[in-house]
Amino acid sequence: MKILIATDKPFAKVAVDGIRKEIEAAGYELALLEKYTEKAQLLDAVKDANAIIIRSDIIDAEVLDAAKELKIVVRAGAGYDNVDLEAATAHGVCVMNTPGQNSNAVAELALGMMVYAVRNFYNGTSGTELMGKKLGIHAYGNVGRNVARIAKGFGMEVYAYDAFCPKDVIEKDGVKALDSAEELYKTCQVVSLHIPATAETKNSINYALLKDMPKGAMLVNTARKEVINEVELIKLMEQRVDFKYITDIMPAANAEFAEKFAGRYFSTPKKMGAQTAEANINAGIAAAKQIVGFLKDGCEKFRVNK
Ligand code: NAD
């Protein structure tokens with residue numbers, strides 16, 4: 001069996017070494033295509049691959065057509081919108097992601113950005129503290145749970161709302177579970193966003209939801225930019241000079257945010273929530289283990305194209 005790592009932005013060497021160890025211990029062969037510049041290189045490399053590990057690499061119908069021996073694609077990471085799931089299903093290819101492997105990295109960034117913001121972007125002036133503030137976690141999934149754990153260490157009062165996670169699961173972590181997003185935003189001065197971008201959530205973080213946040217409100221987005229209604233957020237921030245927006249996913253209207261809201265707006269230059277050595281290694285090795293489990297035992301846990 002040939003397992004291909006196809007990454008235009010390569011894994012760290014230590015992650016590749018870890019993946020190789022898992023693959024070779026299972027008796028499989030590892031092939032590497034890194035920093036490719038042309039799609040033709042990918043089409044050629046997948047020809048005889050039985051499994052592929054990717055990062056943000058695009059796996060579309062053309063790649064799947066070329067990969068005649070392919071059984072499984074694993075996206076080392078949480079989001080898998082770079083894989084054409086319908087085409088994969090039509091080709092009989094299993095697609096998986098590696099949920100949870102980068103959650104701590106994203107959560108640490110969310111808390112780090114909160115500290116940065118309440119300390120006035122480290123500009124030397126007097127700021128405020130997070131201790132005692134009410135933090136609302138919007139979606140209590142893998143990242144949300146890690147944010148709760150760290151925020152409790154900061155002494156924050158932690159609340160959460162999740163449309164699908166049962167309240168008792170949230171409350172056993174010592175987090176107060178609320179019944180609606182509206183209630184969460186009304187209650188909490190700081191809200192950390194962790195919803196996925198779906199048909200239902202796109203544009204859902206809007207004026208009506210944000211306007212009732214308490215004085216000194218701050219919205220922290222490490223989820224996706226598509227969930228924000230940017231036009232309405234700009235309108236709200238024009239009206240509320242106490243409102244801060246801090247994001248790891250640069251808005252389409254970044255220039256307008258930066259110009260209008262200096263001192264209460266910050267975006268990372270490039271999405272970097274999951275960009276840590278640890279997340280890189282964890283996700284790569286998890287991908288290798290999932291491939292071995294699938295090929296040897298038919299294990300389909302983490303399959304996303306059911
Ligand atoms: P997850 O799948 O573990 O959790 C998502 C949670 O959202 C689930 O608990 C689900 O029940 C909940 N949910 C879904 N729809 C909802 C809705 N309409 N209202 C309320 N809750 C809803 O995902 P995760 O790993 O925690 O990731 C969360 C988000 O962070 C995703 O959008 C992901 O793409 C993003 N992310 C960003 C980075 C980054 O680099 N900044 C890295 C990883 C993940």
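One-based numbering, in listed order, for ligands and for the atoms of each. Note that this is a predicted model, so its numbers are computed, not measured.
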Subject >> Heavy atom of Ala274, distance to ligand 1 below 4.0 Å >> reply: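 Yes, that is the case, since the closest heavy atom of the residue is under 4.0 Å from the ligand.
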Protein residue, atom and distance nearest to [atom], heavy-atom basis:
{"atom": "atom 16 (C) of ligand 1", "value": "Phe164 CE1, 3.8 Å"}
{"atom": "atom 4 (O) of ligand 1", "value": "Gly141 CA, 3.3 Å"}
{"atom": "atom 29 (C) of ligand 1", "value": "His194 O, 3.7 Å"}
{"atom": "atom 41 (N) of ligand 1", "value": "Asp248 OD2, 2.9 Å"}
{"atom": "atom 24 (P) of ligand 1", "value": "Val143 CG2, 3.7 Å"}
{"atom": "atom 14 (C) of ligand 1", "value": "Pro196 CD, 3.5 Å"}
{"atom": "atom 18 (N) of ligand 1", "value": "Thr201 CG2, 3.4 Å"}
{"atom": "atom 21 (N) of ligand 1", "value": "Ala163 N, 3.2 Å"}

Run the numbers for me: atoms of ligand 1, each under 4.0 Å from some heavy atom of [X], listed by number.
{"X": "Lys271", "answer": "39 (C), 40 (O), 41 (N)"}
{"X": "Gly273", "answer": "39 (C), 40 (O), 41 (N)"}
{"X": "Thr222", "answer": "30 (O), 35 (C), 36 (N), 37 (C), 38 (C), 39 (C), 41 (N)"}
{"X": "Tyr140", "answer": "9 (O)"}
{"X": "Ala223", "answer": "30 (O), 35 (C), 37 (C)"}

Subject >> Spatial distance of atom OG1 (Thr222) from atom CD1 (Ile246) [nearest 0.5 Å] >> reply: 12.0 Å
What I want to find out is whether [X] reaches [Y] closely enough, with some N-O distance under 4.0 Å, to be called a salt bridge.
{"X": "Asp168", "Y": "Lys172", "value": "no"}
{"X": "Asp242", "Y": "Lys215", "value": "no"}
{"X": "Asp179", "Y": "Lys167", "value": "yes"}

Which donor-acceptor pairs under 3.5 Å do side chains of residues 150-159 form with protein atoms, sequence neighbours excluded?
unit_1: Lys152; atom_1: NZ; unit_2: Asp173; atom_2: O; d: 2.3
unit_1: Glu157; atom_1: OE2; unit_2: Tyr159; atom_2: OH; d: 2.6

Decide whether an N or O pair under 3.5 Å exists between [X] and ligand 1.
{"X": "Arg224", "result": "yes"}
{"X": "Tyr161", "result": "no"}
{"X": "Ile195", "result": "yes"}

Original post:
Just by distance, with hydrogens left out, do His194 and Asn142 show a side-chain donor and acceptor under 3.5 Å apart?
Top reply: no
**OP:** Please check if any side-chain donor atom of Thr201 sits under 3.5 Å from a side-chain acceptor atom of Ser204, or the reverse.
**Re:**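 There is no such pair between these side chains.
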Heavy-atom pairs closer than 4.0 Å: do any link ligand 1 to the side chain of [X], the backbone, both, or neither?
{"X": "Glu200", "answer": "side chain"}
{"X": "Val106", "answer": "side chain"}
{"X": "Asn142", "answer": "both"}
{"X": "Asn102", "answer": "side chain"}

**OP:** Start with the C-alpha gap between Val83 and Asn305, add the side-chain angles, then the distance that decides, and say whether side chain to side chain contact (heavy atoms under 4.5 Å, CB included) holds.
**Re:** CA-CA 10 Å; Val83 181; Asn305 63 332; over 6 Å; no
**OP:** Run down the list Thr268, Asn146, Asp162 and name the one with the heavy atom closest to atom 10 (C) of ligand 1.
**Re:** Asp162
Original post:
Any protein heavy atom sitting closer than 4.0 Å to atom 2 (O) of ligand 1?
Top reply: no
**OP:** Step through it carefully: locate the ring centre of Tyr245, locate the ring centre of Phe261, and say whether they are under 6.0 Å apart.
**Re:** no
Original post:
Would you say Asp162's side chain and Tyr140's backbone share a donor-acceptor pair under 3.5 angstrom?
Top reply: yes
**OP:** Look only at the side chain of Asn120 and the backbone of Gly263, and say whether a donor-acceptor pair between them is shorter than 3.5 Å.
**Re:**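 Here the side-chain-to-backbone pair does not exist.
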**OP:** Among residues two or more places apart or on two chains, list those pairs meeting salt bridge (Lys or Arg N to Asp or Glu O under 4.0 Å) that have a residue in residues 66-78.
**Re:**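 Residue pairs passing salt bridge (Lys or Arg N to Asp or Glu O under 4.0 Å), neighbours aside: none found.
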Original post:
Run the salt bridge (charged side-chain N to carboxylate O under 4.0 Å, His left out) check on Lys21 and Asp17 step by step: do they pass?
Top reply: CA-CA 6 Å; Lys21 213 171 133 194; Asp17 291 346; over 6 Å; no
Original post:
On the ring face of Phe243, is Arg264 found with NZ or CZ under 6.0 Å from the centre and within 45° of the axis?
Top reply: no
